[in-house]
Protein chains: 4
Amino acid sequence: MRLSLTPSTDAADYPFVHRIRTRFSETDAMGIVHHSAYAPYLEESRAALLRHAGRPYDQVREEGVDFSVLELYVRYRQPLRFDELVDVNVVVGAVTRTTFQVAYLLQVDGDTRSTAVTVHGAVDPTGRPTRMPAWLADVARVQTPPA
Amino acid sequence: MRLSLTPSTDAADYPFVHRIRTRFSETDAMGIVHHSAYAPYLEESRAALLRHAGRPYDQVREEGVDFSVLELYVRYRQPLRFDELVDVNVVVGAVTRTTFQVAYLLQVDGDTRSTAVTVHGAVDPTGRPTRMPAWLADVARVQTPPA
Amino acid sequence: MRLSLTPSTDAADYPFVHRIRTRFSETDAMGIVHHSAYAPYLEESRAALLRHAGRPYDQVREEGVDFSVLELYVRYRQPLRFDELVDVNVVVGAVTRTTFQVAYLLQVDGDTRSTAVTVHGAVDPTGRPTRMPAWLADVARVQTPPA
Amino acid sequence: MRLSLTPSTDAADYPFVHRIRTRFSETDAMGIVHHSAYAPYLEESRAALLRHAGRPYDQVREEGVDFSVLELYVRYRQPLRFDELVDVNVVVGAVTRTTFQVAYLLQVDGDTRSTAVTVHGAVDPTGRPTRMPAWLADVARVQTPPA
């Protein structure tokens with residue numbers, strides 16, 4: 001298990017936030033957003049962060065790098081419901097030469113619903129591990145909020 | 001609209017059937033299987049038919065042909081619920097030089113829940129239209145049940 | 001088949017538009033957005049239309065009415081790709097005492113990718129057909145653009 | 001983080017196995033099964049285990065108990081591809097008065113692709129925590145393989 005980040009529940013610890021509205025198709029027969037719907041929320045928020053950092057993911061992929069998901073951890077604290085506006089707070093951390101981690105805090109109106117961590121590796125178009133782009137460390141740095 | 005097949009509600013009109021158990025993740029807050037979950041059921045059933053006909057879809061794709069979906073029509077007659085075993089009855093028809101259609105009848109214990117039709121075109125790996133493989137007509141013929 | 005609307009490919013024929021960014025999780029191994037991802041786009045756009053019309057869908061549901069999907073038709077003209085911004089143009093039509101239809105035009109930068117129609121019925125929380133709310137006709141009227 | 005189980009990569013450590021064929025709709029533009037598709041595989045396998053143990057999940061739900069997902073951890077070791085048959089090995093462990101955990105080993109032809117753990121709590125139909133059914137401990141016991 002490479003996962004080492006512990007996501008804060010204070011939104012001030014996250015330099016980037018992306019807002020997502022839950023879809024009815026993502027709910028389940030318990031009346032809440034199904035737990036499998038969160039991974040796409042996290043992924044959409046990572047893509048938004050990269051776009052914000054001037055590194056849109058489709059361009060990254062055209063340059064021959066994919067960020068594969070090595071590990072996923074989600075803690076479901078309070079359920080999400082249909083039509084809620086979710087603030088997905090994002091911070092990049094634990095950057096090594098081959099991997100990086102992302103921590104997430106999902107809130108609705110400041111109310112914590114979930115925290116999560118993903119671990120990523122850089123792979124080439126054939127799926128083989130490759131060097132992490134140098135700019136990734138910059139993305140993590142830029143995103144670090146002032147103390 | 002190329003769609004021309006009218007799906008029968010008599011399972012005897014379908015030469016092939018594939019059984020799928022609904023997943024909890026496919027339900028929605030109305031307590032039934034969400035309508036977007038049906039397209040993957042149809043697709044899984046087409047793949048099962050091709051496999052049964054000796055033309056597994058991953059092999060078809062390796063030979064440079066993809067069957068793109070041009071049109072999709074689903075009629076939701078009675079809802080599907082969690083953990084139900086769905087018999088997806090399948091018949092190929094309306095084969096032309098560039099397209100073919102598939103009709104579907106979804107039943108649970110002989111009880112009709114849904115009918116559907118998909119229209120497909122053959123495309124090469126870059127997504128451009130290509131000639132329909134000759135064997136596709138055979139698949140349609142083989143599947144025609146005896147009168 | 002109740003489906004009777006023919007979706008225009010002219011965005012000017014649609015009084016409402018809702019923008020959606022495609023997700024990486026919605027792509028498939030052909031490198032395009034999977035055809036099953038469109039139904040949630042249509043549904044999200046219907047929800048946006050109802051919200052815009054002052055009838056948010058969660059409030060509609062609390063008042064005891066669900067709009068079940070009776071029929072779905074999608075025509076896939078040109079594929080959608082990851083990270084594209086899709087303008088989902090929406091118009092309500094063919095309102096009867098028990099059903100209504102919605103037509104859709106999906107464009108990216110004015111380029112038509114798909115058209116679609118859904119047919120809906122009003123049901124109560126137990127799934128039984130119920131009277132269409134009177135305001136639905138108003139929503140359709142309000143949405144009709146000036147000739 | 002309640003997560004405490006460490007999934008073994010030896011299938012012999014798992015008393016129950018459920019086989020799933022991957023769907024084309026679950027693949028992504030990297031040509032592999034998208035990481036968000038695994039949670040439904042795990043859920044389907046849990047449902048299969050409960051059915052095997054004589055406690056089908058829809059019946060459990062009718063008795064007023066839902067097993068909410070509190071935490072999810074997935075480690076993606078080698079990708080899954082379209083049309084592969086995945087053996088999802090399952091073992092229940094760490095049963096407390098209010099929670100239990102499930103460990104998973106996903107293999108294709110004996111080749112390890114992924115390991116995972118989920119943490120569950122018992123909730124009533126309104127989503128509030130409730131007592132774990134007594135038979136859950138039996139399910140865990142029955143499932144423990146002989147040393």
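Protein chains get the first letters and strands the later ones, always in sequence-line order, with residue 1 at the start of each. Quantities reported herein were computed from a predicted structural model and do not represent experimental measurements.
- A 6.0 Å sphere centred on CG of D10(B) holds more than 12 heavy atoms belonging to other residues, nucleotides or ligands.
- In this structure, P40(C) and S36(B) have side chains that are in contact, with non-hydrogen atoms separated by less than 4.5 Å.
- Of the N and O atoms on the side chains of E71(C) and Y76(B), not one donor lies less than 3.5 Å from an acceptor on the other residue.
- Between the CZ atom in R75(B) and the CG atom in L3(C) there is a gap of 11.0 Å [rounded to 0.5 Å].
- At a 4.5 Å heavy-atom cutoff, the contact between A29(C) and chain B is made by backbone and side-chain atoms alike.
- With chain C as partner, the option from T6(B), L72(B), D66(B) having the largest number of non-hydrogen pairs under 4.5 angstrom is L72(B).
- Residue R77(B) does not touch chain C at all, counting heavy-atom pairs closer than 4.5 Å.
- Once rounded to the nearest 0.5 Å, the distance linking CD of E43(C) with NE2 of H35(B) reads 5.0 Å.
- Atom OG of S68(C) and atom CD1 of I32(B) lie 7.0 Å apart (nearest 0.5 Å).
- Interface residue V123(B): only side-chain heavy atoms are found under 4.5 Å from chain C.
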